[in-house]
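Everything on this sheet refers to the single structure shown next.
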Amino acid sequence: MKVLVAVKRVIDFKTHIRIKADQTGVETANVKMSMNPFDEIAVEEAVRLKEQGIATEIIVVSIGSNACQETLRSALAMGADRAILIQTEEKIQPLAAAKIFKALAEKEMPRLIILGKQAIDDDNNQTGQMLAGLLQWPQGTFVSKVEVLQDKVKVTREIDGGLEMLSLTMPAVITTDLRLNEPRFISLPNIVQAKRKTIDIIPLTEFKVDTKPRLQILKVTPPEKRKSGVKVNSVAELVQKLKDEAQVLS
Amino acid sequence: MTILVIAEHDQNALKRATYHTVTAAASMSSDVDLLVFNPQVSTEAAKISGIKHVLVVDEKNYAHQLAENVAPLVSELAKQYTHVLAPATTFGKNILPRAAALTDMAMISDVIKIISPDTFLRPIYAGNALATVQSHEAIQFLTVRSTGFAAATQNQSATAEIKALDILIPNTLSQFEGEEIHISARPELTAARIIVAGGRGLKSLENFKLLEKLADTLGAALGASRAAVDAGFAPNDYQVGQTGKVVAPDLYIAIGISGAIQHLAGMKDSKVIVAINNDPDAPIFQVADYGLVADLFTSLQELQLELDKR
Ligand SMILES: Cc1cc2nc3c(=O)[nH]c(=O)nc-3n(C[C@H](O)[C@H](O)[C@H](O)COP(=O)(O)OP(=O)(O)OC[C@H]3O[C@@H](n4cnc5c(N)ncnc54)[C@H](O)[C@@H]3O)c2cc1C
């Protein structure tokens, strides 16, 4: 069974972002970039499926500039078999990304496509669902457990009230939540080995899909800052302040 | 402008998030319809101020509201509307992007403010930036954050017309196998006036339970950091943050939580924030209105005593 995994290069989750002075976006030059954490979980899950003898080939794909090769290399070092970079300098919005992945899925014919539930830059949480809809495949979103059984995949989803279990007829799309697994540490030998694996570079223009941005970001601004608070010296003082000053306790 | 709101509900009642989503819709138009998936909730739905029609579909065919047939239903209905709104909950986030794609429309997630009927404000980068997004799509698909909009009210004299729809779209792709719903007598996290949230600093499941008594004394909901959930101290539906729930109670008490940006993303719009942490440099203190640098275990005991005095 072939598994396709989508990965995105984003500003590292530990980095404090800087908003550009002209309000056009967030500064990405000279900032530490890494694989979107949810996508790392997606790659890890695919690798575990291969280790269990369920997946036979793992293909990782990223849409973006040449710099995304670094992200794909990390996925290869984790255990993916080959990588595809769909090369573009354009900023690709979720609907366009879903259309590109659909075109690729029709070519590669995976049984399972795994994506992160959201990218931590735009926080959209859309691409996996859109892709599943366009392919007319079932979707398991925000998944914390995956079990492949012949032609079906059983998933446990993290929902607002608790957990939901679904059975999906493959081919299917899965989006990962944080508790699905803990991605492995990449060792030096793995990095060396990954250098021998191939990254196919396909220009976006080879995919005949409409990637025109549908949404326009008019500006990006900082959120309102909270006014700074005070330190209290004791629990008694805290309770008194909550009652008399903040008036949130009766 | 005509707007369709997709209701989130269980067998018996609408979820609070639905009421907040209705407010967002009603701020743009007086032509707002509400789609429900069970006739049980249509009477409640018809009493919400600002709703014109309640659309009801066959509850058996759309049981558990699985995306595989709910999204095509929403996409089919969408053609008669200028906007389709759903709450930015796991329910809305699951269904709406699929429905938008089936309609060949882009979607805007987590709207916190409507600037004009085609321009919206939404947080990006875990709330560390706000994007003003304009869309020229023929139909706007939006998920709405409850924290950005007040809840619509029930109006006993309001009676929206209830319309049964007989659009039966089969689902041959997915099957509901079961659920584990966490039932609690405490208020729902996203609707609570007070939240007591615990982090890794609690150190164990047993210790996390210490928060229960405090929560009950205060009539509060319980929340948790990701680290506390990952460690098994609390169930997943307690998680507050960028990738958990977004809350804005009157009072948020963070106990043994360091205040990582991913956690702050889910609670920094709370009215009053209290932090108890023994590390004076913990980032949580930068957003706290009242910070107590102390051992949480002694503080918890003292706090309980202090509150019991009242
Ligand atoms: C993609 C991604 C998404 C994420 N999403 C979320 C999310 O939605 N929500 C979320 O919360 N996190 C999220 N995180 C995780 C986040 O980065 C932090 O790791 C997490 O919030 C830390 O939880 P914590 O504050 O409980 O633990 P820690 O950071 O370990 O903090 C524990 C705190 O307890 C204090 N403490 C310890 N002992 C005591 C004591 N005896 N008395 C008083 N204080 C004590 C310590 O000083 C410390 O500040 C996400 C991370 C990633 C990468």
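Within every chain, numbering begins at 1; the chains are lettered A, B, ... in the order of the sequence lines, protein sequences first and strands thereafter. Note: hydrogens, waters and symmetry copies are ignored here, and every other heavy atom, side chains too, is used.
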Item to check | Contacting moiety of B/Leu307, where chain A heavy atoms sit under 4.5 Å | outcome: side chain
Checklist entry - A/Leu134, A/Val26, A/Val10, A/Val153: which one forms the most heavy-atom pairs within less than 4.5 Å of chain B? => result A/Val26
Checklist entry - Which atoms form the tightest heavy-atom contact between B/Ala224 and B/Ala234, and what is the distance? => result CB-CB, 3.8 Å
Item to check | Toward chain B, the part of A/Lys225 with a non-hydrogen atom under 4.5 Å | outcome: neither
Checklist outcome for this item: Heavy atoms of A/Trp137 and A/Pro110 approach each other most closely as CH2-O, 3.5 Å
Next on the checklist: Is it the case that over 12 heavy atoms from other parts of the model lie below 6.0 angstrom from the NZ atom of A/Lys2?
Outcome noted: yes
Item to check | Among A/Leu166, A/Ile19, A/Thr141, residue most engaged with chain B (heavy-atom pairs, under 4.5 Å) | outcome: A/Leu166
Checklist outcome for this item: If one checks every heavy atom of B/Ile181 against chain A at 4.5 Å, the contacting part turns out to be both
Checklist entry - Which atoms of B/Lys93 come close to chain A, meaning under 4.5 Å heavy atom to heavy atom: side chain ones, backbone ones, both, or neither? => result both
Checklist entry - Is the shortest side-chain N to carboxylate O distance from A/Asp39 to A/Lys8 below 4.0 Å? => result no
Next on the checklist: Check A/Arg214 with B/Glu137, please: is the shortest side-chain N to carboxylate O separation under 4.0 Å?
Outcome noted: yes
Item to check | Toward chain B, the part of A/Leu168 with a non-hydrogen atom under 4.5 Å | outcome: both
Checklist entry - Is it the backbone or the side chain of B/Leu305 that comes under 4.5 Å from a heavy atom of chain A, or both, or neither? => result neither
Checklist entry - With a cut-off of under 6.0 Å to the ring centre and 45° to the axis, is A/Lys231 in cation-pi contact with B/Phe285? => result yes
Checklist entry - Thinking salt bridges, do A/Arg48 and A/Glu45 make one under a 4.0 Å N-O criterion? => result no
Checklist entry - In Å, rounded to the nearest 0.5 Å, how long is the span from CG of B/Asn94 to CD of A/Gln129? => result 6.0 Å
Item to check | Geometric cation-pi criterion, A/Lys117 with A/Phe142: 6.0 Å, 45° | outcome: yes
Item to check | Portion of A/Ile11 that has a non-hydrogen atom of chain B nearer than 4.5 angstrom | outcome: side chain
Item to check | Heavy-atom pairs under 4.5 Å with chain B, option from A/Thr156, A/Val232, A/Asp160 with the top count | outcome: A/Asp160
Item to check | Contact origin within B/Ala294 toward chain A - heavy atom pairs under 4.5 Å | outcome: neither
Checklist entry - Heavy-atom distance under 4.5 Å to chain B: side chain of A/Phe13, backbone, both or neither? => result both
Next on the checklist: At a heavy-atom distance under 4.5 Å, which candidate from B/Arg98, B/Glu177, B/Glu179 has the highest pair count against chain A?
Outcome noted: B/Arg98
Checklist entry - When you look at B/Lys271 and B/Asp289, which way does the salt bridge (Lys or Arg N to Asp or Glu O under 4.0 Å) test go after all the steps? => result CA-CA 9 Å; B/Lys271 222 173 268 163; B/Asp289 300 283; over 6 Å; no
Checklist entry - Between atom OG of B/Ser225 and atom CD of B/Gln262, what is the distance when rounded to the nearest 0.5 Å? => result 11.0 Å
Checklist outcome for this item: The interface call for A/Gln93 against chain B, heavy-atom contacts under 4.5 Å, is neither
Checklist entry - Judged by modelled atom types alone, do B/Gln175 and B/Asn171 share a side-chain donor-acceptor pair under 3.5 Å? => result no
Item to check | Top contributor to chain A interface from B/Thr89, B/Leu303, B/Thr243, B/Leu102 [non-hydrogen pairs under 4.5 Å] | outcome: B/Thr243
Checklist entry - Quick one: what part of A/Pro223 sits under 4.5 Å from any heavy atom of chain B, side chain, backbone, both or neither? => result both
Item to check | Side chain / backbone / both / neither for B/Gln242 at chain A, heavy atoms under 4.5 Å | outcome: both
Checklist outcome for this item: Here the gap from B/Ser135 atom OG to B/Ile108 atom CD1, rounded to the nearest 0.5 Å, amounts to 5.0 Å
Next on the checklist: Whether A/Asp177 and A/Arg157 form a salt bridge (side-chain N of Lys/Arg under 4.0 Å from carboxylate O of Asp/Glu) is what I want to check.
Outcome noted: no
Checklist entry - Hey, which of B/Thr190, B/Thr172, B/Val133 has the most heavy atom pairs under 4.5 Å with chain A? => result B/Val133
Checklist entry - Looking at CD of A/Glu44 and CG of A/Asn181, how far apart are the two atoms once the value is rounded to the nearest 0.5 Å? => result 5.0 Å
Item to check | Contacting moiety of A/Leu218, where chain B heavy atoms sit under 4.5 Å | outcome: both
Item to check | Separation of B/Ser174 OG from B/Asn69 CG (nearest 0.5 Å) | outcome: 7.0 Å
Next on the checklist: Using heavy-atom distances under 4.5 Å, tell me whether B/Glu306 contacts chain A through its side chain, its backbone, both, or neither.
Outcome noted: side chain
Checklist entry - Highest number of heavy-atom pairs under 4.5 Å with chain B: which of A/Glu158, A/Lys227, A/Gln139? => result A/Gln139
Next on the checklist: Report which part of B/Leu121 has an atom under 4.5 Å of a heavy atom belonging to chain A: side chain, backbone, both, or neither.
Outcome noted: neither
Next on the checklist: If you count heavy-atom pairs within less than 4.5 Å of chain A, which of B/Arg226, B/His182, B/His136 leads?
Outcome noted: B/Arg226
Checklist entry - Under 4.0 Å between a Lys/Arg side-chain N and an Asp/Glu carboxylate O for A/Lys219 and A/Asp22? => result no
Next on the checklist: Can you tell me which of B/Glu188, B/Arg122, B/Lys309 forms the most heavy-atom pairs within a distance under 4.5 Å of chain A?
Outcome noted: B/Arg122
Item to check | Pairs of heavy atoms under 4.5 Å with chain B: top-ranked of A/Val248, A/Leu163, A/Asp210 | outcome: A/Leu163
Checklist entry - chain A heavy atoms under 4.5 Å from B/Gln239: which part of the residue, side chain, backbone, both or neither? => result side chain
Item to check | Residue selection (most heavy-atom pairs with chain B, distance under 4.5 Å) from A/Asp121, A/Leu242, A/Ile217 | outcome: A/Asp121
Checklist entry - B/Asp110, B/Val229, B/Thr119, B/Ile194: which one forms the most heavy-atom pairs within less than 4.5 Å of chain A? => result B/Val229
Checklist entry - Using non-hydrogen atoms only, which part of A/Val230 is less than 4.5 Å away from chain B: side chain, backbone, both, or neither? => result both
Checklist entry - Where does A/Ser234 contact chain B at under 4.5 Å (heavy atoms): side chain, backbone, both or neither? => result backbone
Checklist entry - Under a 4.5 Å heavy-atom cut-off, does chain B meet the side chain of A/Ala98, its backbone, both or neither? => result neither
